[in-house]
Number of protein chains: 2
Amino acid sequence: MGDPERMMVGVAEETHRRAGCRPMIEDKWSLTVVSALGAGPRRFTQLKREITGVSQRMLTVTLRSLERDGIISRTVHNVMPAHVSYALTPLGASFLEAVTPMLTWSHDNVKRIVEARLEHDARTP
Amino acid sequence: MGDPERMMVGVAEETHRRAGCRPMIEDKWSLTVVSALGAGPRRFTQLKREITGVSQRMLTVTLRSLERDGIISRTVHNVMPAHVSYALTPLGASFLEAVTPMLTWSHDNVKRIVEARLEHDARTP
DNA sequence: CTGAATCCTGTATGATACTG
DNA sequence: CAGTATCATACAGGATTCAG
């Protein structure tokens with residue numbers, strides 16, 4: 001996790017690559033988490049429920065690194081029972097905005113890609 | 001490569017996840033390649049030169065799967081010496097458009113993220 | 001020039017069990 | 001509830017070599 005080589009957001013240009021950055025999107029859960037938090041602050045268990053398939057460990061790891069990058073904030077509430085809530089920071093919110101076109105595109109074109117694959121696989125045995 | 005579980009573009013929603021898709025962005029080079037091809041068709045060696053750090057293998061692998069997904073086209077020119085050119089398909093071009101906001105955001109916010117990290121690391125020994 | 005075939009390794013992820 | 005600690009593993013990615 002402490003690896004400075006990892007976790008930069010959406011980088012694809014030479015300069016960034018030289019800076020030792022790789023797309024944050026590269027990891028499996030960040031986008032999903034940010035996307036979920038786009039609907040408003042969430043607690044740990046809530047996220048765990050909403051995001052099908054995350055292990056507890058990976059959710060923790062992902063939240064930690066997003067927090068480190070200033071994309072989300074983590075707030076501990078000292079009530080009983082104690083709980084923690086996560087929310088997008090302004091930076092995180094702007095990131096989500098920037099990523100939304102891609103999410104939309106994806107949603108609109110999954111079919112097309114699946115088709116392209118089928119055709120391609122049919123042509124090449 | 002042939003794994004149907006891999007390689008779907010920019011997916012982050014439940015439905016897609018259920019469909020067994022994960023973000024194409026997840027892999028290290030796809031975005032960079034698509035981005036490079038955004039400037040126009042390119043030949044293999046050209047891409048290899050422009051994209052610092054790709055191994056020959058990974059460039060091939062990436063090109064193949066982008067081709068399979070209908071994002072890029074591959075054209076063999078029967079001249080001497082023979083060469084191959086790659087270009088974005090219309091689908092690929094629309095994808096690049098959808099991803100551009102993220103690239104821009106990334107470019108504009110690398111600093112902020114790096115700072116956030118430094119602060120965070122300073123606070124937490 | 002454009003790849004395919006191998007071999008090898010780091011590491012991202014998962015499963016499981018334990019804790020304040 | 002919200003994690004941490006271990007352990008195990010698959011797989012992406014790199015280096016290298018060979019070929020049409």
Side-chain angles (χ1 to χ4, degrees), chain A residues 1-8 17 20-33 36-37 41-68 72-87 124-125, chain B residues 1-8 17 20 22-33 36-37 41-68 72-87 124:
Chain A
M1 280 311 87
D3 185 356
E5 286 251 338
R6 288 210 64 257
M7 297 294 303
M8 177 52 53
R17 192 170 293 289
C21 304
R22 305 193 309 199
M24 152 174 124
I25 315 299
E26 171 172 346
D27 91 279
K28 194 169 174 179
W29 302 107
S30 292
L31 237 192
T32 312
V33 168
L37 289 179
R42 293 278 187 276
R43 292 172 49 182
F44 187 86
T45 312
Q46 222 172 341
L47 285 171
K48 178 103 173 56
R49 257 197 314 269
E50 287 183 23
I51 303 175
T52 317
V54 232
S55 62
Q56 208 160 35
R57 177 178 136 73
M58 286 320 294
L59 183 53
T60 302
V61 169
T62 304
L63 289 169
R64 288 285 176 279
S65 84
L66 286 173
E67 188 196 358
R68 185 166 103 99
I72 67 175
S73 64
R74 176 176 183 273
T75 314
V76 181
H77 301 268
N78 284 316
V79 296
M80 281 300 288
H83 67 266
V84 180
S85 70
Y86 295 90
T124 50
Chain B
M1 277 303 87
D3 185 356
E5 286 251 338
R6 288 210 64 259
M7 296 294 304
M8 177 52 53
R17 192 169 293 290
R22 303 194 311 199
M24 151 175 123
I25 315 299
E26 172 171 345
D27 92 277
K28 193 169 175 178
W29 302 106
S30 292
L31 238 192
T32 312
V33 169
L37 289 179
R42 294 279 186 277
R43 292 173 48 182
F44 187 87
T45 313
Q46 222 172 341
L47 285 172
K48 177 103 174 55
R49 257 197 313 270
E50 287 183 24
I51 303 175
T52 316
V54 233
S55 62
Q56 209 159 35
R57 176 180 135 75
M58 286 319 295
L59 183 53
T60 304
V61 169
T62 303
L63 289 169
R64 286 286 174 279
S65 83
L66 286 173
E67 188 196 359
R68 185 166 101 101
I72 68 175
S73 64
R74 176 175 183 274
T75 314
V76 182
H77 301 267
N78 284 315
V79 296
M80 279 302 287
H83 67 267
V84 181
S85 70
Y86 295 90
T124 50

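Reminder, nothing fancy here: chain letters follow the sequence lines and each chain counts from 1.
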Asks: If we ignore hydrogens and angles and just use 3.5 Å, is the side chain of A:Glu50 paired with the main-chain N or O of A:Leu47 as donor and acceptor?
Replies: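 Here the side-chain-to-backbone pair does not exist.
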Asks: Look at A:Arg64 and D:dT4 and indicate whether a side-chain polar atom (N or O) is within less than 4.0 Å of OP1 or OP2.
Replies: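 Answer yes for this pair, as a side-chain N or O of A:Arg64 is under 4.0 Å from OP1 or OP2.
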Asks: Whole angstrom is fine here: how far is it from CG in A:Asn78 over to P in D:dC1?
Replies: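 Nearest whole value for this atom pair: 17 Å.
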Asks: For C:dC1, does either OP1 or OP2 sit under 4.0 Å from a side-chain N or O belonging to B:Tyr86?
Replies: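 B:Tyr86 to C:dC1 OP1/OP2: no side-chain N or O under 4.0 Å.
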Asks: Quick one: is D:dA2 close enough that its OP1 or OP2 comes under 4.0 Å of any side-chain N or O from A:Arg49?
Replies: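 False: A:Arg49 side-chain N/O out of range (4.0 Å or more) of D:dA2 OP1/OP2.
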Asks: Would you mind reading off the distance between B:Arg74 atom CZ and C:dC1 atom P, rounded to a whole angstrom?
Replies: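 Answer to the nearest Å: 16 Å.
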Asks: What is the separation between atom CD on B:Gln46 and atom C1' on C:dC1, rounded to the nearest whole Å?
Replies: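 Whole-Å distance recorded here is 12 Å.
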Asks: Tell me, please, which residues at least two apart from A:Arg64 pass side-chain contact (heavy atoms from CB on, under 4.5 Å).
Replies: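 Counting only residues at least two positions away or on another chain, A:Arg64 forms a side-chain contact (heavy atoms from CB on, under 4.5 Å) with A:Thr60, A:Glu67, A:Arg74, A:Tyr86.
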Asks: Looking only at side-chain atoms of B:Lys28, point me to the closest of D:dA2, C:dG3, D:dG14.
Replies: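 The nucleotide sitting nearest to the side chain is D:dG14.
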Asks: How many whole angstroms separate atom CG of B:Leu59 from atom C1' of D:dA12?
Replies: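 Going from CG in B:Leu59 over to C1' in D:dA12 covers 16 Å.
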Asks: Produce a footprint string for nucleotides 15-20 of chain D: one letter per nucleotide, 5' end first; B if the base is under 4.0 Å from any protein heavy atom, S if only the sugar-phosphate is, - if neither.
Replies: B-----
Asks: Only counting residues at least two apart or in another chain, list the ones meeting side-chain contact (heavy atoms from CB on, under 4.5 Å) with B:Ala82.
Replies: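 Result, side-chain contact (heavy atoms from CB on, under 4.5 Å) vs B:Ala82: none returned.
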Asks: Between A:Val84 and B:Val54, which residue's closest nucleotide on DNA chain D lies nearer the 5′ terminus?
Replies: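 On the 5' side of the pair lies A:Val84.
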Asks: Among residues at least two apart in sequence or on other chains, which ones pass side-chain hydrogen bond (donor to acceptor under 3.5 Å, both in side chains) with B:Ser85?
Replies: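 B:Ser85: side-chain hydrogen bond (donor to acceptor under 3.5 Å, both in side chains) contacts with B:His77.
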Asks: From C-beta outward on A:Thr45, which listed nucleotide comes closest to its side chain: D:dG3, C:dG3, D:dA2?
Replies: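 Within the option list, the nearest is D:dA2.
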Asks: A:Thr45: what forms a side-chain contact (heavy atoms from CB on, under 4.5 Å) with it, not counting sequence neighbours?
Replies: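 In terms of side-chain contact (heavy atoms from CB on, under 4.5 Å), with neighbours along the sequence ignored, A:Thr45 is linked to A:Arg49.
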Asks: Taking atom C1' of C:dG14 as reference, at what distance in whole Å does atom CH2 of A:Trp29 sit?
Replies: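 Those two atoms, CH2 and C1', are 10 Å apart.
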Asks: Go nucleotide by nucleotide along DNA chain D from the 5' end; which of A:His83 and B:Met58 gets its closest nucleotide reached first?
Replies: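 Nearest-nucleotide comparison on DNA chain D picks A:His83.
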Asks: If you round to the nearest 0.5 Å, how far is CH2 of B:Trp29 from CG of B:Leu59?
Replies: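 Spacing of CG (B:Leu59) from CH2 (B:Trp29) equals 9.5 Å.
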Asks: Not counting sequence neighbours, which residues clear side-chain hydrogen bond (donor to acceptor under 3.5 Å, both in side chains) with B:His83? List them please.
Replies: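 Once residues adjacent in sequence are excluded, B:His83 has no partner under the side-chain hydrogen bond (donor to acceptor under 3.5 Å, both in side chains) criterion.
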Asks: Measure the distance from CG on B:Leu63 to P on C:dA4 and round it to the nearest whole Å.
Replies: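 So the two atoms are 10 Å apart, to the nearest Å.
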Asks: Can you tell me the distance, in whole Å, between the CZ atom of A:Arg42 and the C1' atom of D:dA2?
Replies: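 Spelled out: CZ on A:Arg42 to C1' on D:dA2 is 17 Å.
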